[in-house]
Each structure stands twice: as structure tokens, then as C-alpha cells.
Amino acid sequence: MVAAGRAARAAGAVAVAAALVVLAGGASGASGAGGVGGGHGGDGFRSRSHASFAPPNAFVAPSAVTYDMERVPAGARIEITQHSDRSGTVVEARLRGLLPDHAYGMHVHTSPCGADPKSAGPHYRHRAEGPAGPAGEVWLDFATDAEGDGSSRARHDWGFREGGARSVVIHDRQGGAGDRLACYTVPFGSYGTV
């Protein structure tokens, strides 16, 4: 009897922990249900990752953090794909569950996300001392449709420096910068001498 009671309590604890992971945004995802997929191949570096946004104080530290739950609700989804080869880099974003009919700014940043919106550092620049703007940075500004879904794409004839690009930050307005509403830590990669 005592052993059965302990086993039931242990099973209940596992179920609660699993539910908390789901509520916290789950694990980052790759091809299919979740996780990160990517790597180097003969045709360059490819990756696809996705996650659900959760507040920074979630039980399990989320890879996609919302700092403004009104404009980027917990449970909203993001997917980032990257393809880099010797001709350049393409980054695509798809988002679901945001405010409907709303314009957002989004850029690649230099550091991973954290509890503080400033943790992601500045915009990634192809040339560290180069000018700010869409030619030398990855701007992924987008507008959502009536369902709160949006997408964007950026292409450059250059690639990321190894370890230089670590996240995307959603801003409250399009263009250069604005308040940081949310952040997603992304496993960006480099390829050859792009």
C-alpha cells in the first residue's frame, strides 16, 4: 500500500512537471514537434527552430521570452529558419498568435535572451563598426494579419560570424529599434567564408 502510494505521488509529480514545461513554452523545437535542427552539409548551413513564448519567470527557463504579454502573449509561437552558403544568408521568420493587424519590428541580436530585455545585446552587424541599418543588419520587420500571424524574410550576400548572432528580438515598432517586447534565442550558424 505504502509503495503504491509513493508510486502514484511520483507519477503525479512527473505529470505536473511535464505540464509546467508545456505552460512555460516547452523546449525549442526542430523539424516536427519541437527542438532544433541544423547543420553543415555540402550545400551550406541550414537550421530551423521554433518555440512558444513564455514569461521570463516561467518554471522552466524559456528560449522564447515575452516581456510584454499584451503585445506578445504567452503561448504565441515563433519559427526561424536560416540557410547560409557561399552566396549568402537567408533568414525567415514565421509567427503565430500575436496581436491582429499590428506592425512589429524584429532584428537579429548578438547575445542570448535573458530575464532582462537588454540581455540580447545590440543588433548584429555584419561589420562590427559598420553603419546601422538593413544593409548591414538582419531586419525582419513584419505585420500580422487578422488572426495575429505574420512572416518575414531577409537575404544578404554575407554570412554570420561564428557565435556573433544569437537571438532575434521583437520590437514595438518597425525600423531601427524600439521597446523590446520579446526575444528568442536562436542557434544561428556560419558557413565557410561567407
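Quick note: numbers below take in every heavy atom, side chains included, and nothing from hydrogens, waters or symmetry partners.
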Does a donor on one side chain sit under 3.5 Å from an acceptor on the other, for R77 and H50? yes

Rounded to the nearest 0.5 Å, what separates atom NZ in K118 from atom SG in C183? 14.5 Å

Looking at A103, is its backbone amide N or carbonyl O close enough to the side chain of Q174 to form a donor-acceptor pair, meaning the two atoms are under 3.5 Å apart? no

Minimum side-chain heavy-atom gap I78-M106 below 4.5 Å: yes

Taking T185 for the side chain and C113 for the main chain, is one N or O donor matched with an acceptor at less than 3.5 Å? yes

Which is it for Y104 and T144 under the side-chain contact (heavy atoms from CB on, under 4.5 Å) test, yes or no, and what are the steps along the way? CA-CA 8 Å; Y104 292 89; T144 56; 3.8 Å; yes

What's the shortest heavy-atom distance between A115 and P56, and which atoms? CA-CB, 3.7 Å

What distance separates S167 OG from Y184 OH, expressed to the nearest 0.5 Å? 11.0 Å

Verify same cluster id: W158, V90 (apolar side-chain graph, 4.5 Å): no

Minimum heavy-atom distance between E147 and D145, given as atom pair plus value: N-OD1, 2.9 Å

Give the minimum heavy-atom separation between V168 and V108, together with the two atoms involved. CG1-CG2, 4.0 Å

The side-chain hydrogen bond (donor to acceptor under 3.5 Å, both in side chains) partners of R96 (sequence neighbours excluded) come to none

Looking only at heavy atoms, what is the nearest atom pair of R173 and G178, with distance? NH1-CA, 3.6 Å

Any side-chain heavy atom of D85 within less than 4.5 Å of one from F45? no

Dump the intermediate steps for side-chain contact (heavy atoms from CB on, under 4.5 Å) on S151 and F142, then the final yes or no. CA-CA 6 Å; S151 63; F142 65 96; over 6 Å; no

For V169 and A120 the tightest heavy-atom approach is CG2-CB, 3.6 Å

Q82-S84 side chain donor-acceptor pair, cut-off 3.5 Å: yes

Between S111 and Y124, is there a side-chain heavy-atom distance shorter than 4.5 Å? no

Not counting sequence neighbours, which residues clear side-chain hydrogen bond (donor to acceptor under 3.5 Å, both in side chains) with H107? List them please. H123, H171

Min side-chain heavy-atom separation H109-R180 under 4.5 Å: yes

Side chains of F53 and L181 in contact at under 4.5 Å (non-hydrogen atoms): no

Are I80 and F188 close enough, and set up right, to give a side-chain contact (heavy atoms from CB on, under 4.5 Å), and what steps lead you there? CA-CA 9 Å; I80 301 291; F188 288 115; 4.0 Å; yes

OG1/T66 to CD1/I170 distance, rounded to the nearest 0.5 angstrom? 8.0 Å

Does the side chain of S49 come within less than 4.5 Å of E79's, by heavy atoms? no

Can a donor-acceptor pair be found, under 3.5 Å and without considering hydrogens, that links the side chain of S152 to the backbone of L140? yes

Out of R46, R153, R155, which residue meets the salt bridge (Lys or Arg N to Asp or Glu O under 4.0 Å) rule with E92? R153

Heavy-atom distance under 4.5 Å between the side chains of V138 and F160, does that happen here? yes

So, for E162 and S190, which heavy atoms are closest and what is the spacing to 0.1 Å? OE1-OG, 2.5 Å

Close side-chain approach of H156 and H126, heavy atoms under 4.5 Å: no

Partner of V72 under side-chain contact (heavy atoms from CB on, under 4.5 Å), chosen from L98, D172, V65, L95: L98

